[in-house]
Amino acid sequence: MPKAAHKVVVIGHRNPDTDSICSAIAYAELKNRTSDLVCEPRRAGKMNQETEFILRKFGVTPPRMCTDVNPKIRDVDYREMPGIPGSTSLRRAWQIMRDQAIDTLPVVSESGELEGVITVKDIATANMDVFDTEVLAKSRTSYKNILETLGGTMVVGSEDDVCTGGSVHIGTATPEMLESVVEKGDIVILTNRYESQLCAIEMEASLLIICNGAKVGRTIQRIAEETGVAVMTVPFDTYAAGKLISQCAPISYYMTRDNILKFTLVTPVADVTRVMAKVRHRYFPILDEEGKYCGMVSRRNIINLQKRKIILVDHNEATQAVEGFDQAEILEIIDHHRIGSLQTSGPVYFRNQPVGCTATIVTQMYDENGVDIPPQIAGLLLGAILSDTLMFRSPTCTKVDEAAARRLAQIAGVEIEAFAAEMFEAGEKLDGKTPEEVFMQDFKVFMCGDIRFGVAQGSYMTRSNLEAAQKLLEPYLKEARNKQNVEDIYMLLTDVPKQESVVICNGRYAGGLLTTGFNCEPGADGSWVLPGVVSRKKQFIPTIMGAYQEL
């Protein structure tokens, strides 16, 4: 199995903000340095411009995308058995099945392409078809297969030749009887009777198989060479050779070529289980990312599946968690939001503190474990704190956040005010951005009873950029509400220096709830101005939740 399949995924919420991604990177680094776990930071959505700027400034590679942690075939301990070529004989295929205790073998080309599968049932069917005496010619069986299956030795001719025509005859009768049955191109299984061997050659048989390990006379060899008849000797008697001869045929003749049930490394286990329930096969081939064969999976492998292990940071809401989180094993949750709706199947390490940023908690955990914070990681943690606290302006900001940020700035070697200005400027640029890209930079879904609503937020240092964003997003809100499948949708456009938010919305209840919840009326442009409201978590969500509960 690939090592990556067993890594613990450290991941934030969907539509990740700076805190979600930077905290995942920093916490994965801490876990790798203080535990036996092998952790990898991942992101559950596209990064915003602010986060991209921070990672670029401190030379950190963005984490890989992960939008679904539902178990895939790559998470299963599938059987990494090699494929076999289509030229393999039936008997050799059966021996492999017997030795490896498997009833299905993949047939693979030299380049790794899956050509078919051969099963025990296929081999049994071939062995029962005893009356097809032309099977070696039809399947173009190689002499090499015959030699391997019968343990023979080539006396005249090349082992690389193949059977191209004729039937198989067992020549235990008199030469006179052979003359009446053997035709040009036939394969004749004989004993050491000189007259019968000579007769078969005269009848222009293509191959003589001499049994019981008998020596082939020089005269027979010479005549055979002159007439182009191949000769081999085998240790078996004619009965055993006759029984085994059909098992020399290549599996490519009997294998299943079309409509093969196969999976890829990224096929969800749930889909595999549904397919397996409908068919009687026990083993199924697996293809890798390049479409090449890489192993076999069985029902037993699926039953023994080990769930993917994940650590969640900066959220504990089911509606914000990565797809398939309920099918994974959640090891830890590190967060600073309200206790949400997420449930786990067992006890987990859950750390939730009333601070302004998850990165502040991660910084504390570095200190508690006695681990020095590298400058790169310090820069990421600092950026997350400044982003979440709006450079200490948000009411969610605590003295702990500010103290952590100032110490991180020293480690990272940056000046807070200058760095924050660059960071916010990078985040609020709209050049070349679609409404959806701007809206989804920091969007979260919440539940209040049966009502599902979404709230996005953007922070702006200049009023002109805020108004440009408002103009871009207003026509898009209805489409966003339908796409996100929510009852109501809100967009907070936060003026950081002025410490207020302009709210635009769409939905059945949204406008009325803003009016009653915040005791204000919409302006002439249809937006609500909320003085002093800059925190979605601490100021906006609690008020809106209360308004929904009053419905």
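The model shown is predicted, which means the values in this text are computed figures rather than measured ones. Just so it is clear, the values below take in all heavy atoms, side chains as well, and ignore hydrogens, waters and symmetry mates.
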Sidechain-backbone polar pair: [X] side chain, [Y] backbone, donor-acceptor under 3.5 Å:
| X | Y | value |
| --- | --- | --- |
| T494 | V496 | no |
| R79 | M296 | no |
| D401 | T398 | yes |
| N32 | C39 | yes |
| R14 | A321 | yes |
| Q376 | G59 | yes |
| R536 | V455 | yes |
| D367 | Q364 | no |
| K307 | P71 | no |
| Q484 | A480 | no |

If you compare all heavy atoms of [X] against all heavy atoms of [Y], which two are closest, and at what distance to 0.1 Å?
| X | Y | result |
| --- | --- | --- |
| D19 | A359 | OD1-N, 3.1 Å |
| I373 | A378 | CG2-N, 3.6 Å |
| L287 | C294 | C-SG, 3.9 Å |
| G12 | A44 | O-CB, 3.9 Å |
| A418 | E415 | N-OE1, 2.7 Å |
| A328 | I310 | CB-CD1, 4.0 Å |

For salt bridge (charged side-chain N to carboxylate O under 4.0 Å, His left out), just list the numbers for E425 and K429, CA-CA rounded to whole Å, side-chain angles, deciding distance to a tenth of an Å, and then say yes or no.
-> CA-CA 7 Å; E425 183 181 354; K429 286 182 179 178; 5.2 Å; no
Among M47, K433, E50, side chain to side chain contact (heavy atoms under 4.5 Å, CB included) partner for Q441 | K433
Take atom [atom1] of [X] as the centre, draw a 6.0 Å sphere, and report whether it contains more than 12 heavy atoms from other residues, nucleotides or ligands.
| X | atom1 | value |
| --- | --- | --- |
| R508 | CZ | no |
| R300 | CZ | no |
| N304 | CG | yes |

Taking atom [atom1] of [X] and atom [atom2] of [Y], what is their separation to the nearest 0.5 Å?
| X | Y | atom1 | atom2 | answer |
| --- | --- | --- | --- | --- |
| I11 | S23 | CD1 | OG | 13.5 Å |
| S459 | M391 | OG | CE | 12.0 Å |
| H13 | L312 | NE2 | CG | 11.0 Å |
| I21 | S387 | CD1 | OG | 11.0 Å |
| M545 | L513 | CE | CG | 12.0 Å |

In terms of side-chain heavy atoms, does [X] have a donor or acceptor partner in [Y] at a distance below 3.5 Å?
| X | Y | value |
| --- | --- | --- |
| T18 | T51 | yes |
| E474 | Q470 | yes |
| T264 | T267 | yes |
| D314 | H336 | yes |

Is [Y] paired with [X] through a side-chain N to carboxylate O contact shorter than 4.0 Å?
| X | Y | answer |
| --- | --- | --- |
| E467 | K471 | no |
| E52 | K46 | no |
| R338 | E317 | yes |
| E487 | R452 | no |
| E368 | R351 | yes |

Would you please classify the geometry between the F453 ring and the Y490 ring as parallel, tilted or perpendicular, with 30° and 60° separating the classes?
->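 Correct class here is perpendicular.
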Any pair counted as ring-ring contact (aromatic ring centres under 6.0 Å, His included), so long as it reaches residues 20-69, sequence neighbours left out =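 Found F58-F419.
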With sequence neighbours excluded, residues passing ring-ring contact (aromatic ring centres under 6.0 Å, His included) with Y366 |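 Partners of Y366 by the ring-ring contact (aromatic ring centres under 6.0 Å, His included) criterion come out as none, since no residue qualifies.
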Check whether any side-chain heavy atom of Y283 sits under 4.5 Å from a side-chain heavy atom of V117, and report yes or no.
->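 SC-SC contact between Y283 and V117 ruled out.
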Would you call L55 and P63 a side-chain contact if the rule is heavy atoms closer than 4.5 Å?
-> yes
